[in-house]
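In what follows, a structure is listed as structure tokens, so that the remarks can point back to it.
Residues take their numbers from the sequence shown, with the count starting at 1.
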Amino acid sequence: MPNSPHGVSYDSYRPVVMGRNGMVCSGHPLASQAGIAMLQKGGNFADAALATAAALNVVEPLMSGVGGDGFIMVYRKDTDTLEVSNGTGAAPYAATRERYQPDGIPMKGIMSVSVPGLVNSWLDVHEKHGLLSLAECFAPAIDLASNGFPVTHVLSRSIAADPLLCQFPTSQAVFAPKGGRPLQPGEICYQTDLARTFQSIVDGGRDAFYQGEIARAIVKFSEEQGGLLSLQDMADCRARWQEAISTTYHGHTVYEAPPNSSGHILLQELNLVEGFNLANLGCNTSESIHLMVEAKKLAFIDREAYVADPDYIDVPIDGLLSKEYARDRAKLIDPERAAYDPKAGNPWAYQAAQPQGRRAKVGAGQEQEDTTCFVVVDGQGNAICQLQSIQSAWGSSLIAGDTGILLNNRMTYWHLEEDHVDCLEPGKRVRHTMNPVMVFRNSDTSGNGARRQLSLVLGTPGADTQVQTNLQVISHVLDFGMTVAEAVEAPRWRNTQNPTESYVPHTCADELLVESRYSDDVLEGLRQRGHVLNVLGGWEATGSEMMIQVDPDNGALHGGADPRRDGYAAGW
């Protein structure tokens with residue numbers, strides 16, 4: 001039996017939060033409360049999502065905000081429709097390879113900034129699905145920004161870890177206002193400039209952000225700092241609605257965002273491990289972990305070879321997700337030995353459409369890390385899984401003038417090698433690690449025809465960790481029957497695989513990072529299979545998983561939020 005206060009079959013130190021009228025799991029308790037408040041006012045899932053998203057910009061500023069980008073997966077139960085809003089911005093039109101050579105792309109500062117696309121997705125989703133006004137949805141965030149909120153221990157440590165944030169004048173004024181001294185736990189953080197920016201969006205909508213006073217302020221700041229953003233970059237930025245991609249796994253259908261997201265990796269991983277029957281190998285044993293890690297390696301090396309902005313190159317997504325392709329690739333997995341330097345497969349052989357090679361851009365102007373994730377389900381069974389990011393912690397570390405907006409450092413995902421599939425080109429969208437996930441039980445054919453039955457809504461920040469963590473928690477629930485709290489709290493691993501890391505310089509050590517809560521027998525079993533282990537503290541794996549499970553019998557909502565950061569589940 002578990003040796004923890006809330007464990008049922010496995011350890012858990014937090015309870016499963018339950019509700020019937022709505023559930024919000026996010027990276028900060030105040031943001032989760034903001035979302036629940038919208039549901040209690042008569043709003044729906046889209047209203048709750050916008051309120052949560054804006055509040056996270058305030059209380060979890062290191063992770064996401066209007067200076068970044070994101071993906072929003074939207075499910076409406078009444079129409080049984082599921083789609084993805086892709087709010088990822090492009091590289092500025094002036095961002096050529098030559099501009100960054102020979103020194104490369106900087107990790108911080110103004111030259112790390114790409115076009116912020118998130119606000120487009122926020123407003124597209126709300127316009128299509130929301131019930132409440134923008135003023136009502138932004139009210140909690142404006143209040144938190146204007147009147148301040150107490151800094152958590154996690155946030156205080158993160159401020160102290162970023163020297164540029166504490167030194168650059170506009171950023172220092174917010175996060176280290178006493179002569180560069182980082183805000184301490186319990187001190188109040190005020191963001192009055194950001195509150196004014198939110199109010200401008202309420203009053204002027206997307207035009208205020210992308211063509212009006214906010215756009216002009218961002219571009220002016222960028223020009224003063226020697227950056228590349230232009231008013232044309234901002235005006236041409238659009239979100240786009242996309243069809244989700246999917247695969248089946250043990251009686252369920254798992255949906256993901258399509259490229260330029262890396263969501264296909266999770267689906268490939270599930271295809272690869274499905275034939276090995278993880279349940280028979282045991283939960284978090286050396287055998288099951290080894291199998292997952294080896295599947296991850298094969299999926300990642302395929303991404304490195306084939307996946308980039310589909311406006312610029314043909315992506316063999318049908319082949320990558322083919323069950324037959326997975327069966328052939330799975331033959332490369334040795335149950336007793338870790339593979340190093342795996343090679344990409346040939347997914348083109350498993351789909352009808354053949355590659356045309358690189359092609360001209362369709363046209364950005366005509367189109368409609370660190371990261372945070374939150375999940376929302378309302379009382380009607382509608383759901384949102386939302387990933388939003390300013391890239392690495394604190395993004396560029398620069399607040400744009402008097403806007404209060406922390407600008408992203410998304411340029412750090414680009415490659416500069418001319419023959420790389422994800423090579424930088426002006427106006428092109430970089431390959432992203434963000435991937436929203438929903439899981440449905442196989443269709444119920446009773447009543448008026450087949451309809452999807454929502455089972456899980458989940459996601460996590462953590463760059464290349466995301467698809468690895470999502471694989472683990474899905475297996476924890478579907479293969480081993482964990483509660484959502486047990487799943488998000490279970491010990492985790494992350495594999496780093498040279499040269500597939502998303503961050504510049506895209507190289508890394510080939511090793512398996514594991515939390516120390518795994519037993520000695522498990523760690524030794526992994527070493528014997530050839531894995532080079534980097535043993536972390538008990539709760540030090542990257543990521544902050546959020547998960548909602550829907551009870552198939554009564555519709556009750558079960559929420560779990562990862563304790564590795566400040567995440568909390570709030571139900572109603």
Practice item. Spell out, as yes or no, whether a donor-acceptor pair under 3.5 Å connects the side chain of Trp394 to the backbone of Leu406. Key: no
**Study point:** Residues Val550, Leu557; criterion side-chain contact (heavy atoms from CB on, under 4.5 Å); working and verdict
**Key:** CA-CA 5 Å; Val550 182; Leu557 306 174; 3.9 Å; yes
Practice item. Supply the atom-to-atom distance Trp414 CH2 to Tyr100 OH, rounded to the nearest 0.5 angstrom. Key: 10.5 Å
Check your understanding: Any side-chain donor paired with an acceptor under 3.5 Å for Asn498 and Thr507?
Key -> no
Check your understanding: Does the distance from a Lys or Arg side-chain N to an Asp or Glu carboxylate O, for Lys323 and Glu274, drop under 4.0 Å?
Key -> yes
Check your understanding: Ion pair present between Lys297 and Asp341, side-chain N to carboxylate O less than 4.0 angstrom?
Key -> no
Check your understanding: Ignoring hydrogens and geometry, is there a side-chain-to-backbone donor-acceptor pair from Ser121 to Gly87 under 3.5 Å?
Key -> yes
Check your understanding: Should Asp521 and Ser519 be marked as a side chain to side chain donor-acceptor pair (under 3.5 Å) after you check the CA-CA gap, both sets of side-chain angles, and the distance that decides it?
Key -> CA-CA 5 Å; Asp521 286 346; Ser519 71; 5.2 Å; no
Review point. Heavy-atom distance under 4.5 Å between the side chains of Leu270 and Leu471, does that happen here?
Key: yes
Practice item. State whether the side chain of Asn470 and the backbone N or O of Leu266 hold a donor-acceptor pair below 3.5 Å, judged by distance alone. Key: no
**Study point:** Distance (rounded to the nearest 0.5 Å) between Leu278 CG and Gln472 CD
**Key:** 11.0 Å
Study note, to complete from the structure: Interatomic distance, CD1@Ile384 vs OG1@Thr52, rounded to 0.5 Å, equals 9.5 Å
Check your understanding: Is it the case that Lys296 places NZ or CZ above or below the six-membered ring of Trp493, under 6.0 angstrom from the centre and within 45 degrees of the axis?
Key -> no
Exercise for review: Begin with the C-alpha distance, continue with both residues' side-chain angles, and end with the deciding distance and a verdict on side-chain contact (heavy atoms from CB on, under 4.5 Å) for Val74 and Leu82.
Suggested key: CA-CA 6 Å; Val74 181; Leu82 188 147; over 6 Å; no
Point to revise | Backbone of Gln497 reached by a side-chain donor or acceptor of Thr500 within 3.5 Å | key: yes
Review point. So, His264 and Gln268: side-chain donor and acceptor under 3.5 Å apart, yes or no?
Key: yes
Review point. After noting the C-alpha distance and the side-chain angles of Leu407 and Ile390, does the key distance pass the side-chain contact (heavy atoms from CB on, under 4.5 Å) rule?
Key: CA-CA 7 Å; Leu407 296 174; Ile390 53 174; over 6 Å; no
Study note, to complete from the structure: One should read off an interatomic distance between Asn495 CG and Asn534 CG, to the nearest 0.5 angstrom, of 11.5 Å
**Study point:** From CA spacing to verdict: salt bridge (charged side-chain N to carboxylate O under 4.0 Å, His left out), Arg565, Asp562
**Key:** CA-CA 7 Å; Arg565 295 185 185 173; Asp562 201 324; over 6 Å; no
Review point. Quick one: does Phe374's side chain get under 4.5 Å of Cys25's, heavy atoms only?
Key: no
Exercise for review: Decide side chain to side chain donor-acceptor pair (under 3.5 Å) for Thr433 and Asp464; before the verdict, give the C-alpha distance in whole Å, the side-chain angles of both, and the deciding distance to 0.1 Å.
Suggested key: CA-CA 6 Å; Thr433 56; Asp464 287 324; 5.4 Å; no
Practice item. For a side chain to side chain donor-acceptor pair (under 3.5 Å) with His290, tell me which candidate from His531, Gln528, Arg529 qualifies. Key: His531
Practice item. Using a strict 4.0 Å threshold on nitrogen-to-oxygen distance, state whether Asp422 and Arg303 make a salt bridge. Key: no
Review point. If you measure only the distance, is there a donor-acceptor pair under 3.5 Å linking the side chains of Ser85 and Asp124?
Key: no
Review point. Are Arg410 and Tyr413 in a cation-pi setup, meaning NZ or CZ lies under 6.0 angstrom from the ring centre and within 45 degrees of the ring axis?
Key: yes
Review point. In a check of salt bridge (charged side-chain N to carboxylate O under 4.0 Å, His left out) between Arg564 and each of Glu515, Glu540, Glu545, which one passes?
Key: Glu515
Check your understanding: Do you see a donor-acceptor pair shorter than 3.5 Å between the side chains of Gln388 and Gln386?
Key -> yes
Review point. Between Lys108 and Ser396, do the side chains contain an N or O donor and an N or O acceptor separated by less than 3.5 Å?
Key: no
Check your understanding: Does a side chain donor of either Ser64 or Thr372 reach within less than 3.5 Å of an acceptor in the other side chain?
Key -> no
**Study point:** Any Val293 side-chain heavy atom under 4.5 Å of Leu512 side chain
**Key:** yes
Review point. In terms of side-chain heavy atoms, does Ser12 have a donor or acceptor partner in Glu486 at a distance below 3.5 Å?
Key: no
Review point. Is Arg429 salt-bridged to Asp311, going by a charged N under 4.0 Å from an acidic O?
Key: yes
Review point. Within a strict 4.5 Å, meaning less than it, do heavy atoms of the Ile548 and Val484 side chains meet?
Key: no
Review point. Mind checking whether Val254 and Thr248 have side chains closer than 4.5 Å, heavy atoms only?
Key: no
Exercise for review: Could you check Asp318 against Tyr325 for side chain to side chain donor-acceptor pair (under 3.5 Å), going step by step and ending with a plain yes or no?
Suggested key: CA-CA 10 Å; Asp318 292 340; Tyr325 179 61; over 6 Å; no
**Study point:** Closest approach of Ala308 to Ile313 (non-hydrogen atoms, all atoms of both residues)
**Key:** CB-CG2, 4.0 Å
Review point. Going by the angle between their ring planes, with limits at 30° and 60°, are His415 and His506 parallel, tilted or perpendicular?
Key: parallel
Review point. Can you name the nearest heavy-atom pair linking Met434 to Gly70, along with the distance?
Key: CE-CA, 3.7 Å
Review point. Going by atom types only, do Asn86 and Asn260 share a side-chain donor-acceptor pair under 3.5 Å?
Key: yes
Practice item. Enter the distance from Asp328:CG to Ser322:OG here, rounded to the nearest 0.5 Å. Key: 8.0 Å
Review point. With no hydrogens and no angle check, do the side chains of Ser114 and Asn408 hold a donor and an acceptor under 3.5 Å apart?
Key: yes
Point to revise | Check: Val439 and Val477 side chains under 4.5 Å, non-hydrogen atoms | key: no
Review point. Does Glu269 come within less than 4.0 Å of Arg329, counting only side-chain N to carboxylate O?
Key: no
Exercise for review: Rounded to the nearest 0.5 Å, what's the gap from OH on Tyr255 to CD on Glu243? Could you check?
Suggested key: 9.0 Å
Check your understanding: Any cation-pi pair here, Lys77 with Tyr75, using under 6.0 Å and within 45°?
Key -> no
Practice item. Please test Val84 against Ile72 for side-chain contact (heavy atoms from CB on, under 4.5 Å), starting from the C-alpha separation and ending with a verdict. Key: CA-CA 6 Å; Val84 177; Ile72 308 176; over 6 Å; no
Check your understanding: What's the verdict on ring pair (Phe, Tyr, Trp, His ring centres under 6.0 Å) for Tyr13 and His6, showing C-alpha distance, side-chain angles and the deciding distance?
Key -> CA-CA 5 Å; Tyr13 294 89; His6 296 287; 8.9 Å; no
Point to revise | Greater than 12 external heavy atoms within 6.0 Å of Tyr568's OH | key: no
Check your understanding: Stepwise, does the side chain to side chain donor-acceptor pair (under 3.5 Å) test hold for Asn435 with Ser262?
Key -> CA-CA 6 Å; Asn435 63 110; Ser262 292; over 6 Å; no
Check your understanding: Are a donor atom and an acceptor atom from the side chains of Arg492 and Tyr518 found within less than 3.5 Å of each other?
Key -> no
Point to revise | Centroid-centroid under 6.0 Å between His252 and Phe440 rings | key: no
Review point. Could Arg517 and Glu489 be called an ion pair, given the rule that one side-chain N must be under 4.0 Å from one carboxylate O?
Key: no
Point to revise | Over 12 foreign heavy atoms within 6.0 Å of CD, Glu524 | key: yes
